[in-house]
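Presented below is the structure to which this report refers.
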There are 2 protein chains.
Amino acid sequence: MSEPVKRNNPFAKVRADHAAETAEDYVEAVSDMVHRTGECRVRDLAKIMGVSHVTVTRIVTRLQEQGLIETEPYRPVRLTSSGEKLAANSRQRHEIVLQFLLALGVPQDDAERDTEGIEHHVGQATLDRMAAFIRERSGD
Amino acid sequence: MSEPVKRNNPFAKVRADHAAETAEDYVEAVSDMVHRTGECRVRDLAKIMGVSHVTVTRIVTRLQEQGLIETEPYRPVRLTSSGEKLAANSRQRHEIVLQFLLALGVPQDDAERDTEGIEHHVGQATLDRMAAFIRERSGD
DNA sequence: TATCATTTGTAGCGAGTGCTACAATTCTGC
DNA sequence: GCAGAATTGTAGCACTCGCTACAAATGATA
Ligand SMILES: [Mn+2]
Ligand SMILES: [Mn+2]
Ligand SMILES: [Mn+2]
Ligand SMILES: [Mn+2]
């Protein structure tokens, strides 16, 4: 059902996670920016990611080839429906991880920083346990 | 006191985490292999990491330049004292994250896979909370 | 509209990590 | 000791993601 990847080896799974990471973070950023300010430009992404606009441009080009993003030269960046879907899933997972760390007692700043990396390595089973933990702590 | 890195940006922190990741996983693997079988060879690391021996050789060369590993051509790989120290810290953190996920109720296989990625993104504050959670659940 | 600042694109560099193919070395078994 | 297996090294390729420097397009303002 899933990908026929080498998931048996934990390190191979980490590499697969990292391969998907850029797309997830970028579409999530585009989605947020569009919802907050109406549009998302290359320079916005550069600021958010903390990299040069050159790096963003190249990555945006690839995400467009992958069908996640639409763009014309010197124009804002939009998400395709496929990109919107990925963004929604990514944001949902991001939010669960963040709320979980906060529920665990991690200070806000640390939780936000750690979440940005952890989110990409959390499988469904772990995500389910995190969601359950959040429910337990809030319905207390 | 810490590194003067751009830790304000979560994405920059993730990039810094990833930059340190290879060294941590490799010295941890070398340490484990040496303790279990007496020595660690390039082919052992290739098997563990799930990559070709070529990739391992190049990485081992760099870790040697960084003073974490010692090696002569066609010889086993050993850790320097600096490498041992990093391995000890990495293993300790790895173990805390793993035990934490298990205490949370994540199945063994999922916990082991997810830990390999998550460990590198867990800051001190989060690690402290995880350790506390383990103690609570075991002293119950 | 002409000018200037901002934004985006392009060229070209380096580091890191993956691979296959082939060469060199070491180890094993006869 | 010697042949063949196993291991390690090297050459060379691809892809990703950082960067600076410079060019082109866009937008704002006088
Ligand atoms: Mn992220
Ligand atoms: Mn790891
Ligand atoms: Mn590890
Ligand atoms: Mn990671």
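Letters A, B, ... mirror the listed sequences (proteins, then strands); counts begin at 1.
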Checklist entry - B:Arg62 near the nucleic acid: base, sugar-phosphate alone, or nothing, with a heavy-atom cut-off under 4.0 Å? => result sugar-phosphate
Checklist entry - OP1 or OP2 of C:dC19 sitting under 4.0 Å from any side-chain N/O of B:Thr55? => result yes
Checklist entry - Looking for any heavy atom pair under 4.0 Å, which part of the strands does A:Val56 touch: base, sugar-phosphate only, or nothing? => result nothing
Please list, one pair per line, the donor and acceptor atoms closer than 3.5 Å that link side chains of residues 23-35 of chain A to other protein atoms, with sequence neighbours excluded.
unit_1, atom_1, unit_2, atom_2, d
A:Glu24, OE1, A:Arg93, NH2, 2.8
A:Glu24, OE1, A:His120, ND1, 2.7
A:Asp25, OD1, A:His120, NE2, 3.1
A:Asp25, OD2, A:His120, NE2, 3.2
A:Glu28, OE2, A:His94, ND1, 3.3
A:Ser31, OG, A:Arg91, NH1, 3.2
A:Ser31, OG, A:Arg91, NH2, 3.4
A:Asp32, OD1, A:Arg91, NH1, 2.8
A:His35, ND1, A:Ser31, O, 2.8

Checklist entry - Within the structure, does a side-chain N or O atom of A:Thr57 lie under 4.0 Å from either OP1 or OP2 of C:dT8? => result no
Do any N or O atoms of the protein come closer than 3.5 Å to N or O atoms of nucleotides 3-5 of chain D, and which pairs are they?
none

Item to check | Parallel, tilted or perpendicular: rings of A:His18 and B:His18 (30°, 60°) | outcome: tilted
Item to check | Short side-chain N/O contact from B:Ser52 to OP1 or OP2 of C:dT20, under 4.0 Å | outcome: no
Checklist entry - Does a nitrogen or oxygen in the side chain of A:Thr22 sit under 4.0 Å from OP1 or OP2 of D:dC17? => result yes
Give me, pair by pair, the N or O atoms of the protein and of nucleotides 25-28 of chain C that are less than 3.5 Å apart, along with how far apart they are.
unit_1, atom_1, unit_2, atom_2, d
C:dT25, O4', B:Tyr74, OH, 3.4
C:dC27, OP1, B:Arg75, NH2, 3.0

Checklist entry - Of the nucleotides C:dG18, D:dT20, C:dT8, which one has an atom closest to the side chain of A:His53? => result C:dT8
Item to check | salt bridge (charged side-chain N to carboxylate O under 4.0 Å, His left out) involving B:Glu65 - partner list, sequence neighbours excluded | outcome: none
Checklist entry - For residues 44-92 of chain A, which residue pairs qualify under ring pair (Phe, Tyr, Trp, His ring centres under 6.0 Å), counting only residues two or more places apart or in two chains? => result none
For nucleotides 3-6 of chain C, give me every protein contact, N/O to N/O, under 3.5 Å, one pair per line with atom names.
none

